[in-house]
Protein chains: 2
Amino acid sequence: MRYSRIPDETIRRLPIYLRGLLLTSERGDKSISSTNLADFIGVNPWQIRKDFSYFGDFGVRGMGYDVQKLVKKIKGILKLDIIQKVALIGVGNLGSAILAFPGFGVYGFNIAAAYDVDPKKIGKKRNDIKIENISRLWMLKRRNIKLAILAVPANSAQDTTDKLVKAGVRGILNFSSCYLSVNKKVKVITIDIAMELARLPYYIPAG
Amino acid sequence: MRYSRIPDETIRRLPIYLRGLLLTSERGDKSISSTNLADFIGVNPWQIRKDFSYFGDFGVRGMGYDVQKLVKKIKGILKLDIIQKVALIGVGNLGSAILAFPGFGVYGFNIAAAYDVDPKKIGKKRNDIKIENISRLWMLKRRNIKLAILAVPANSAQDTTDKLVKAGVRGILNFSSCYLSVNKKVKVITIDIAMELARLPYYIPAG
DNA sequence: ACCTGTGAATAAGTTCACAGCA
DNA sequence: TGCTGTGAACTTATTCACAGGT
């Protein structure tokens with residue numbers, strides 16, 4: 001590691017590279033060049049090389065990158081080399097879709113718990129996960145779950161967040177359309193679906 | 001408009017400001033200062049002022065910004081002052097959740113059509129919208145729908161995208177975990193849920 | 001010849017500090 | 001005095017060009 005700080009944008013791209021490499025690996029390829037990978041995932045080759053260079057020498061000049069070695073390295077950087085347990089908070093429409101979502105497995109995530117307020121849902125199972133009472137969020141600490149996906153209505157999002165933080169959660173993927181205030185030990189990534197859609201018309205010429 | 005180009009990051013923030021202002025407006029406030037708005041939505045005051053300054057003089061020195069006027073102005077910039085029709089492609093778990101999602105209304109979106117391949121779903125209604133056969137995507141042109149939300153499996157995403165573009169769609173909100181190749185007249189915004197989650201562990205210290 | 005790794009150049013975005021108006 | 005508007009300084013990120021292994 002010869003740089004002092006890794007750019008956030010580089011971290012944002014690492015999962016893209018990881019997925020591309022996993023697919024490459026499934027095809028049976030042993031190595032790949034930055035140009036091939038670039039074509040595959042829609043990023044510039046020099047961007048890829050620059051990003052990798054922050055972490056050391058990954059490739060072999062004239063040859064390219066060893067796919068397996070690179071996968072291992074990126075997983076290590078992102079801390080995806082261990083299984084990460086995640087709790088889902090809020091089993092409504094969106095929450096249910098997230099429980100059924102097949103895409104988390106690639107990165108080694110394990111949705112290990114689900115919580116809701118609705119007494120009708122509590123105790124039932126969805127995708128083999130028992131829905132628990134949200135009043136028992138404090139259990140997350142004992143179960144050593146540090147990550148949560150928040151899919152509750154905006155008006156209870158801050159309140160729930162405070163409880164999550166108290167229960168030792170350190171990372172939150174937030175689907176509520178609101179700003180969450182947390183202490184800076186906690187990392188929040190917000191996905192605001194309506195907001196993403198809201199900036200689309202700007203780019204489209206009228207007519 | 002005294003600058004040649006509006007930064008993309010500014011456009012990304014405008015919907016945040018818009019939502020904050022709409023909530024302010026509901027509370028009955030006539031005007032708001034950049035500092036108050038900043039506290040409310042979690043952005044710096046100088047960032048807000050800078051962003052607004054790209055579009056001209058919005059505020060009154062010593063007073064703040066007129067909420068109604070600002071809402072109108074931002075809606076105009078984002079082209080949200082007209083009702084934008086959107087088609088949903090893929091009514092699976094995620095697609096259904098999106099159909100039921102209440103958050104689009106704030107920005108004036110109207111989910112006007114839904115398409116799927118599954119014969120069991122075609123003809124049925126979800127949230128008052130009839131699910132149509134995906135082979136009839138070409139109808140989007142006649143119905144003048146320029147925006148689509150893509151919630152189909154990754155392996156059919158590119159194929160469906162090509163059909164959407166052929167049907168005159170100019171903006172796509174893509175939920176599939178893959179790179180979509182489109183001509184540059186079409187704007188794609190990708191929301192990759194697993195990928196967002198995948199960069200969370202990096203920021204969390206071990207232990 | 002091929003492909004990586006990286007300093008340097010360029011571009012983009014954020015923060016600051018303060019002039020200017022109500 | 002309070003708050004906006006903005007040039008300038010600063011920070012961050014992208015792109016380029018090419019040296020240096022295989």
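Letters go in sequence order (proteins before strands), and every chain restarts at 1. From a predicted model like this one, the values you see are computed outputs, not experimental measurements.
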S.K.: B/E132 pairs by salt bridge (charged side-chain N to carboxylate O under 4.0 Å, His left out) with which of B/R143, B/R126, B/K121?
M.R.: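 Among the candidates, only B/R143 passes.
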S.K.: Between D/dG5 and B/Y65, is there an OP1 or OP2 to side-chain N/O distance shorter than 4.0 Å?
M.R.: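 True: B/Y65 side-chain N/O within range (under 4.0 Å) of D/dG5 OP1/OP2.
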S.K.: Ignoring hydrogens and geometry, is there a side-chain-to-backbone donor-acceptor pair from A/N127 to A/I129 under 3.5 Å?
M.R.: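 Judged by distance alone, no pair lies under 3.5 Å.
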S.K.: Across the strands shown, which category fits B/R12 at heavy-atom distances under 4.0 angstrom: base, sugar-phosphate, nothing?
M.R.: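 It contacts nothing in the nucleic acid.
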S.K.: Check the distance between D/dC3's P and B/D39's CG and give it to me in whole angstrom.
M.R.: 12 Å
S.K.: Could you check how far CG of A/L37 sits from C1' of C/dC2, rounded to whole Å?
M.R.: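 In whole Å, C/dC2 C1' lies 17 Å from A/L37 CG.
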S.K.: One character per nucleotide, please: for nucleotides 16-22 of chain D, 5' to 3', B when the base has a protein heavy atom closer than 4.0 Å, S when only the sugar-phosphate does, - otherwise.
M.R.: SB-BBBS
S.K.: Between B/D162 and B/K166, does at least one N-O distance fall below 4.0 Å, as a salt bridge requires?
M.R.: no
S.K.: Of all the nucleotides listed (C/dT14, C/dG13, C/dC3), which has the minimum atom distance to the side chain of B/R13?
M.R.: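 Of C/dT14, C/dG13, C/dC3, C/dT14 is nearest to the side chain of B/R13.
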S.K.: Take the protein atom CZ of A/F52 and the nucleotide atom C1' of C/dC3, then report the distance between them rounded to whole Å.
M.R.: 14 Å
S.K.: Tell me whether B/N110 contacts the main-chain N or O of B/K85 through its side chain, where contact means a donor paired with an acceptor under 3.5 Å.
M.R.: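 Flag not set: sc B/N110 to bb B/K85 has no pair under 3.5 Å.
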S.K.: Could you state the atom-to-atom distance from CD of B/E9 to C1' of C/dA11 in whole Å?
M.R.: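 Taking CD of B/E9 and C1' of C/dA11, I get 14 Å after rounding.
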S.K.: As an exercise, state the distance from CD1 of A/I145 to NZ of A/K141, rounded to the nearest 0.5 Å.
M.R.: 13.5 Å
S.K.: If I take atom CG in residue B/L70 and atom P in nucleotide D/dC3, what distance separates them, rounded to the nearest angstrom?
M.R.: 16 Å
S.K.: Should A/D8 and B/R199 count as an ion pair when the cut-off is N to O under 4.0 Å?
M.R.: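 B/R199 and A/D8: not salt-bridged.
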S.K.: Whole Å only: how far is the OH atom of A/Y17 from the P atom of C/dT4?
M.R.: 13 Å
S.K.: Rounded to the nearest 0.5 Å, how far apart are OG of B/S34 and CD of B/Q47?
M.R.: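 That separation rounds to 11.5 Å.
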S.K.: Check the distance between D/dA13's C1' and A/I11's CD1 and give it to me in whole angstrom.
M.R.: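 So the CD1-C1' distance, A/I11 to D/dA13, works out to 14 Å.
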S.K.: For C/dC3, take OP1 and OP2 only and decide whether either is under 4.0 Å from a side-chain N or O of A/S34.
M.R.: no
S.K.: Is the shortest side-chain N/O distance from B/N44 to OP1 or OP2 of C/dT14 below 4.0 Å?
M.R.: no
S.K.: A/D8 has a side chain; which of D/dA13, D/dT14, C/dT4 sits nearest to it?
M.R.: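 Per side-chain heavy atoms of A/D8, the pick is D/dA13.
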